[in-house]
Amino acid sequence: MIEQVKGTQNISGNESLKYLYIQKLFLNRFKNYGYEYLQTPLLESKELFDKSIGESSEIVTKQMYELTDKGGRDLVLRPEGTSSIVRYHAEFNKDMTSKYSYFGSMFRYENPQKNRYREFNQAGVEIVGVIDNYSDFQIINDSLNFIKELIPETKLKINTIGSIADRKKYIKVLYNYFLNNKDQLSKESEEKLENNTLRILDSNNPDDEQVIKKAPKINEFINTDSKNSFTSLLQILGSSNIEFEIDESLVRGLDYYNDLTFEFITSENVVVGGGGRYDNLAEILSLGKFNGVGVAFGVERIMNNISVPDNFTKYYLLGTDINKITKYSKELDKHNISYSKPPRLSKENSQFKEAKNQNVLYLINTNEDTIKNLITNEVEKFSIEVILEHK
RNA sequence: GUGAUCGUAGCUCAGUUCGGUUAGAGCGCCUGGUUGUGGUCCAGGAGGUCGCGGGUUCGAAUCCCGUCGGUCACCCCA
């Protein structure tokens with residue numbers, strides 16, 4: 001037996017029902033909100049993510065699926081969606097402000113566990129171009145509406161991390177602080193000191209508690225424009241009755257974020273989605289000067305937190321005589337009626353069983369020329385008019 | 001990258017401790033019959049490189065080593 005690749009999934013059975021339900025809701029909802037669906041390649045230049053996500057990030061240093069193609073190109077399977085959207089926007093819509101949605105596979109080379117896979121699906125939306133607080137508001141509002149329809153008790157956590165320049169200054173100060181107090185840091189945190197200083201702040205190791213408590217706060221380094229913009233966004237959210245919780249330790253895993261960051265978190269503390277503002281991403285990629293804000297949901301994380309949606313089939317075509325059942329098939333096709341049918345002409349009892357297992361409402365028995373309602377057990381003579389009346 | 005744990009039929013699992021005929025069960029599947037309150041019931045049947053590779057042994061699902069995969073946790077993250 002050839003085993004499947006580690007961390008990949010076969011989405012089948014009830015899981016596939018959930019997947020399609022989420023996908024359909026996502027695509028419909030954001031289409032109606034005015035977001036254009038955009039499908040970018042799964043295969044991208046390595047350079048795109050080296051630059052965008054940031055070379056200090058683990059995603060870039062350890063977690064990318066890299067390959068060289070036969071033409072010698074350095075490629076990766078995309079680890080996230082935003083960078084590609086920004087590349088597209090620069091190429092085709094540079095002077096516009098556009099709203100995009102995307103849905104598809106992402107790849108990260110990590111050890112799989114619950115809510116984490118090597119190939120996983122993200123559903124995301126972005127607003128790219130000239131951005132203001134209303135853009136931030138609608139990304140948060142629209143995606144909160146979406147996720148609450150699926151997981152009603154989802155909470156919004158929000159923070160500002162200041163500009164990239166602010167952050168650079170802050171990291172320097174923080175680095176010196178932790179360096180001087182190195183002896184008080186846990187082993188894990190000490191490892192983060194050189195490359196991922198900020199991450200020490202969300203250590204949950206009790207050994208770090210005291211040092212972190214006394215550490216300089218990012219708040220003191222955030223410029224006034226950023227602070228004011230954050231305050232006014234919070235006011236807008238407040239007056240729109242959107243509940244939020246400010247979480248000052250909330251940082252994102254990607255370096256391109258600035259100012260606004262937020263997360264959607266379930267009552268069981270699973271982060272099902274996250275996003276923020278990325279005003280410098282286009283510049284980092286040398287694609288021009290435009291801004292963006294966006295969010296990405298983990299589809300599998302949503303799947304793991306919802307129940308199986310209702311599922312039933314309206315018609316099942318039963319029969320053991322190939323001439324009769326094919327004649328019925330064509331008759332139904334002609335009237336554009338969709339129906340389930342057995343994969344082959346197995347014994348009648350098996351077909352009945354299959355129909356019941358598919359939660360079928362009407363069973364069309366071609367052996368007897370009848371239509372049976374499997375809920376009420378009413379049987380009537382088959383005619384196409386009876387079925388057309390069901391519509 | 002680290003650690004724990006698991007891998008036997010389509011599925012859930014027994015058998016592994018302590019090596020020994022032809023590897024089992026339930027469910028599911030298939031066929032014939034039965035059944036119209038049609039998922040029942042009866043009879044029969046198909047289906048297994050015991051994850052893979054190597055080693056020990058007269059003999060390995062069982063012991064040893066390696067490897068791949070699943071699950072979970074750490075790290076990190078959606």
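Chain letters run A, B, ... following the sequence lines, proteins first, then strands; residues in each count from 1.
- For residues 232-246 of chain A, the set of pairs meeting the side chain to side chain donor-acceptor pair (under 3.5 Å) definition, not counting sequence neighbours, comprises Asn133(A)-Ser232(A).
- As judged by a 4.0 angstrom heavy-atom cut-off over every strand, Gly7(A) is placed among residues touching the sugar-phosphate backbone only.
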For nucleotides 30-38 of chain B, just jot down a letter per nucleotide in 5' to 3' order: B, S or -, based on protein non-hydrogen atoms under 4.0 Å.
SSBB--B-B
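- Judged by distance alone, with hydrogens and angles left aside, Arg116(A) brings a side-chain donor or acceptor within reach of the base of C76(B), the pair sitting under 3.5 Å.
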Protein-nucleotides 3-8 of chain B N/O pairs closer than 3.5 Å?
residue: G7(B); atom: N2; partner: Glu3(A); partner atom: OE2; Å: 3.3

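- No contact: Glu80(A) has no heavy atom under 4.0 Å from any strand.
- Every residue was checked against the side-chain hydrogen bond (donor to acceptor under 3.5 Å, both in side chains) condition with Tyr21(A), not counting sequence neighbours, and none meets it.
- Across all strands, Asn121(A) comes closer than 4.0 Å to no nucleic acid atom at all (heavy-atom distances).
- Stacking of Lys94(A) on the aromatic ring of Phe92(A) is not recorded, the 6.0 Å distance cut-off and the 45° axial limit not both being met.
- Side-chain atoms of Glu58(A) lie closest to C76(B) of the nucleotides C76(B), A78(B), C29(B).
- Both Asn115(A) and Lys62(A) lie close to RNA chain B; mapped to their nearest nucleotides by heavy-atom distance, the more 5′-ward contact belongs to Lys62(A).
- Partners of Lys169(A) under the salt bridge (Lys or Arg N to Asp or Glu O under 4.0 Å) rule, at least two apart in sequence or in another chain, do not exist in this structure.
- Aromatic rings from Tyr328(A) and Phe382(A) are positioned such that their centres are separated by under 6.0 Å.
- With hydrogens and angles ignored, no donor-acceptor pair under 3.5 angstrom links the side chain of Glu263(A) to the base of A78(B).
- Nucleic acid contact class of Val272(A) (heavy atoms, under 4.0 Å, all strands): sugar-phosphate only.
- Thr266(A) is linked by a side-chain hydrogen bond (donor to acceptor under 3.5 Å, both in side chains) to nothing, counting only residues two or more places apart in sequence or in another chain.
- In terms of heavy-atom proximity, Asn93(A) sits nearest to Ser98(A) at ND2-OG, 3.8 Å.
- In this model, the phosphate group of A78(B) is not approached by any side-chain N or O of Gln122(A) to a distance below 4.0 Å at OP1 or OP2.
- C58(B) sits 38 Å from U12(B) when the P atoms are compared, rounded to a whole Å.
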